[in-house]
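This report refers to the structure that appears directly beneath it.
Hydrogens, waters and symmetry mates play no part in the numbers below; they use all other heavy atoms, side chains included. Proteins get letters first, then strands, A, B, ... in listed order; numbering begins at 1 in each. The model shown is predicted, which means the values in this text are computed figures rather than measured ones.
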Amino acid sequence: MHAPTKRIAAASTQPQRRALREPLWVRVLIRIASLSFLGIFLLLPLVTVFYEALREGFGAYLASFRDAAAWSAIKLTLLAAGISLPLNLVFGLAAAWAIAKFEFWGKNFLITLIDLPFAISPVISGLVFVLLFGAQGWLGPWMSAHDFKVIFAVPGIVLATVFVTFPFVARELIPLMQEQGTEEEQAALSLGANGWQTFWYVTLPNVRWALLYGVILSNARAMGEFGAVAVVSGSIRGKTNTIPLHVEVLYNEYHFVAAFAVASLLALLALVTLVIKTLLERKIQQQMANSTSDFDAEVSNVAVKSPVNAAVPAPHVSLAVWTRGFDFESAVPT
Amino acid sequence: MSLEVQHVSKTFGNYQALRDVNLKIEDGELITLLGPSGSGKTTLLRIMAGLEEPDRNPDTKILFHGEDVATQGVGERQVGFVFQHYALFRHMSVLENVAFGLKVRPRAERPSKSEIHERAMKLLKLVQLDGFAGRYPVQLSGGQRQRVALARALAIEPKVLLLDEPFGALDAKVRQGLRDWLRRLHDEIHVTTVLVTHDQEEALEVADRVVVMNKATVEQVGSPEEVFHHPSSEFVMDFLGRTNVFHARIANGQAWLNDMPLEMPAGMSGKTNAAHIYVRPHELDIERIASGQPALPASVARINPAGAIAKIGLVGTDGAEIQVDLPLERFETLRLKLGETVYVSPRKMRVFAPEPEYAI
Ligand SMILES: Nc1ncnc2c1ncn2[C@@H]1O[C@H](COP(=O)(O)OP(=O)(O)O)[C@@H](O)[C@H]1O
Ligand SMILES: [Mg+2]
């Protein structure tokens, strides 16, 4: 009985769908082109790293890590990341909070400043630190007088790492915080919460996934950074070499297996980062959807459909946020 | 607790959102702030709550029970504020939302965990959501979110309850239900309440007194009956309900509507030569035959008897539309036909001298 109507409905949508379709050979060509591009530029290098690392067997692979210099590089990398992550977390959160929730003079300047590490070449930022703290630098004489070394030493590496990774957390948080507005904070204050309670119970939980996301990206960059660190480190083997620098040294000395073995650590880090990133993106999209869900007017005593997330259209949220413009007007309550 | 604002002004940049507003709300009263969008209602409410600071002026006062609270922050004032879009804490369950105000109290004043739970549950029962304690705000309908926001605001035992367009985002049926429920709730707990709305029907139905706002100022304050039947200005007349406007001439102490002589209302200065006459649709009567009494001829353009009254659309000789509401019995005895000429006479009218900007 329902069949005829069904057929009509199907028929009426068919031409539309067909009109949106390219011919088969075009579709196949586009797919082959994009897949081979991805394969050559992304997958192949990744596979090569592991292939070269394991070329002489698993024993040789493991032996590469028994080297004291390799260990030192790993430790230094962990140290640099371990220091820069908490700093980024705290300052990124503070900057994002200030930018997204408050109006103040010089806000645009602060945003530009946050972007600076993305805008300039890492090598240049390394050079800036050399100019500042190097033996011939502005602060050089004072520092050598006080027997404090930054350049060609661990502090320089940490500084450079903090500098190049600074934007990640702030950039991740700003759009989400702006989207969420300040009403929940106002509600918390009106209910008697103090500033700290408001931040801890309301602001922070609302951005926790985005915060973690920023930290993960920041970590990947901190551990993988080459340019800025290379300039300030001086590559002193066993002392100021990070993992990427150590890989280069090994490679230049023709220790290919060792070079690729150490590099495989970074490749693994990349894979883990990608997985976590994907999971977090899903969480954040949910959160964004919640913050923009329209208030479905529904007779109040009717049972609510569940799960509700399915009913809420998730706005398309690009997490490549640094290309995204800021909309300050939206933060102004009316 | 009574609430009073004196000489409150607010400018945003160079835009004046409030201009010297004075208002006194008695203890236990339910007041509505009514006005078109942008008239400054939200701003006034936020200033009362302490979410916004009024412009600095030595005469400006915000008095809670006679005590100036200008220096107190929003948390200290102990107001229950319900935001237009509810502003529920999205990552907290309904119960956690309601308990929040108690949870963040300083240790000395904080009730025990079990007592907080008990009180939050009690409030959820009050707003008829005790079955929803574990849900999250996204899992609720608009009307339910609204009630959670209300329970959350009530949890801190507020001295005043401030509601910003609480039913604005809901559909008509839910609105009506919640409105009646809020009125009953207020009669039960008697907390001084200020409710912002741009819906005149809602304002008139729920309030003890209505504050009509327009262009950053208070236009009129009065009981629903007063503002509806005795509007102090054209704006109030126009904003509260449907109305017909006629343009009358004044000559030699006599007002004329077309060729119909009208009684000159007391208080009208003889200086103006024009007047605006406002008549609500239900204050007009229709006759099919000229009775000799002063009346305006008009032709029947629309008839809509679907409702408690019949809505008739007429077109006057000058081409202006005239809306008439007839009781159904009257409509049935008249047997109007589209296109026929009828005679309209006002039973009641209000005459305003046009504001200078409109003067011809
Ligand atoms: N924070 C603000 N910054 C700038 N302008 C504002 C701000 N808040 C309100 N306004 C302006 O003040 C006017 C009155 O706003 P509001 O009090 O929200 O009106 P209502 O609630 O009656 O619609 C509006 O024109 C609005 O744009
Ligand atoms: Mg408003």
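The residues Arg184(B) and Glu188(B) are annotated as not salt-bridged, no charged nitrogen and carboxylate oxygen being separated by less than 4.0 angstrom. Between Glu205(B) and Arg179(B), at least one side-chain N (NZ, or NE/NH1/NH2) sits under 4.0 Å from a carboxylate O, which counts as a salt bridge.
The most heavy-atom pairs under 4.5 Å with chain A, out of Lys103(B), Arg105(B), Glu76(B), come from Lys103(B). Of all the listed residues (Gly75(B), Ala87(B), Gly101(B), Ala49(B)), the one sharing the greatest number of non-hydrogen pairs under 4.5 Å with chain A is Ala87(B).
Each of Lys283(A), Arg208(A), Glu281(A), Glu172(A) was compared with Tyr213(A) under the side chain to side chain donor-acceptor pair (under 3.5 Å) criterion, and only Glu281(A) meets it.
The part of Phe100(B) that comes within reach of chain A is its side chain, from C-beta onward, which places non-hydrogen atoms under 4.5 angstrom from that chain. Using a 4.5 Å cut-off between heavy atoms, Ala153(B) touches chain A through its backbone atoms (N, CA, C, O) alone. Arg175(B) does not touch chain A: none of its heavy atoms, backbone or side chain, sits under 4.5 Å away. Contacts of Leu102(B) with chain A are absent, with no heavy-atom separation under 4.5 Å from either backbone or side chain.
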Stepwise side chain to side chain contact (heavy atoms under 4.5 Å, CB included) check, Leu170(B) with Leu178(B): CA-CA 10 Å; Leu170(B) 307 172; Leu178(B) 274 178; 3.3 Å; yes
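Between the side chains of Glu202(B) and Gln176(B), no donor N or O sits under 3.5 Å from an acceptor N or O.
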